[in-house]
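The next block holds one structure in the form of structure tokens; read it before the comments.
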Amino acid sequence: MAARIVEVEAYASDDPASHSYRGRTARNAVMFGPPGHLYVYFTYGMHHCMNVVTGRLDEGNAVLLRAAEPLQGIDAMRRRRGRTSLHELCSGPAKLCQAFGVDRRMDGWDLVHGSEMWLLEGEPVSAETGPRVGIRVGLDRPWRFRAEGNPFVSRARAGR
DNA sequence: GTATTGATCTTCT
DNA sequence: GAAGATCAATACA
């Protein structure tokens, strides 16, 4: 399976909206680990979201992967996600995890030297920024980035 | 078409 | 005990 990341949000340890804001806990320990690792957390009782650690050791900075464009293994994604349109396979952080079968067992995986899941360098794209989604604090930081003109980004819901 | 709400559980207060 | 980096089904126009 492969997908191009088209939408992300940045979270820093001095950011009240970040899990790492209140310091290191059992859940977010990975965020304070070495960069290039995967941080997976469970939320709303039924959804997983995944981040890539970007800060140095002990910094607690990471980037939330919000949406991706399916490239390969679309059949496998459909099997996990159910019968759905191509656009909706990865158009959201929890959908992305479901499509890739990511759960907490993968928390802490090395995405640089890993053998089962890893990151590749993509083509440069122009990005547009905007406010982050689903948080109540830290709204003054427009740290949401998405590939300009790409139809595979998550759909903005009315009222946000 | 858009708006509202239920599902459901880990983590921190 | 409460809130949460959400999604999908349902209700309404």
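Regarding A:Met31, its CE atom lies at a distance of 15 Å from the P atom of B:dT11, rounded to whole Å. Per the geometry, CG belonging to A:Asp103 stands 18 Å off P belonging to B:dT8, to the nearest Å. Atom CD in A:Glu7 sits about 11 Å away from atom P in C:dT6, given to the nearest Å. In this structure, A:Ile135 atom CD1 and C:dA5 atom P are separated by 8 Å, rounded to whole Å. In this entry the distance linking NE2 of A:His48 with P of C:dC7 reads 13 Å, nearest Å. We find that CG of A:Leu96 is positioned 14 Å from C1' of C:dC7, with the value rounded to whole Å.
At the heavy-atom level, A:Arg132 lies nowhere under 4.0 Å from the strands shown. Within the nucleic acid shown, A:Ala17 comes within 4.0 Å of at least one base atom, counting heavy atoms only.
Residues A:His19 and A:Gln98 each lie close to DNA chain C; by heavy-atom proximity, the contact nearer the 5' end of the strand is made by A:His19. Toward the 5' end of DNA chain B, the nearer of the two residues A:Met46 and A:Arg104, judged by each one's closest nucleotide, is A:Met46.
Under the 30°/60° scheme for interplanar angles, the aromatic rings of A:Tyr39 and A:His19 are found to stand perpendicular.
Applying the side-chain hydrogen bond (donor to acceptor under 3.5 Å, both in side chains) definition to pairs two or more places apart or across chains, those involving residues 124-134 of chain A are A:Asp15-A:Arg132, A:Ser126-A:Glu148, A:Glu128-A:Arg146.
Nearest to the side chain of A:Arg22, among C:dA5, B:dC12, B:dA7, sits B:dC12. Comparing B:dT11, C:dA5, C:dG4 by their nearest atom to the side chain of A:Thr43 picks out C:dG4. Here C:dC7 is the nucleotide among B:dC12, B:dT10, C:dC7 with the atom lying nearest to any side-chain atom of A:Lys95. Checking B:dA7, C:dT6, B:dT10 against the side-chain heavy atoms of A:Phe42 singles out B:dT10 as nearest. Distances were taken from every side-chain heavy atom of A:Val133 (C-beta onward) to each of C:dT6, C:dA8, B:dT11; the shortest belongs to C:dT6.
Taking the side chain as every heavy atom from C-beta outward, A:Val102 and A:Met117 approach each other to under 4.5 Å.
Within the structure, every side-chain polar atom (N or O) of A:Arg83 is placed at least 4.0 Å from both OP1 and OP2 of C:dA8. The side chain of A:Arg136 places an N or O atom within less than 4.0 Å of a non-bridging phosphate oxygen (OP1 or OP2) of C:dG4.
Below the 3.5 angstrom threshold, one finds a donor paired with an acceptor across the side chain of A:Tyr41 and the base of C:dA5.
The aromatic ring of A:Tyr44 stacks onto the base of C:dG4, its centre lying under 5.5 Å from the centre of the six-membered base ring with the two planes under 30° apart.
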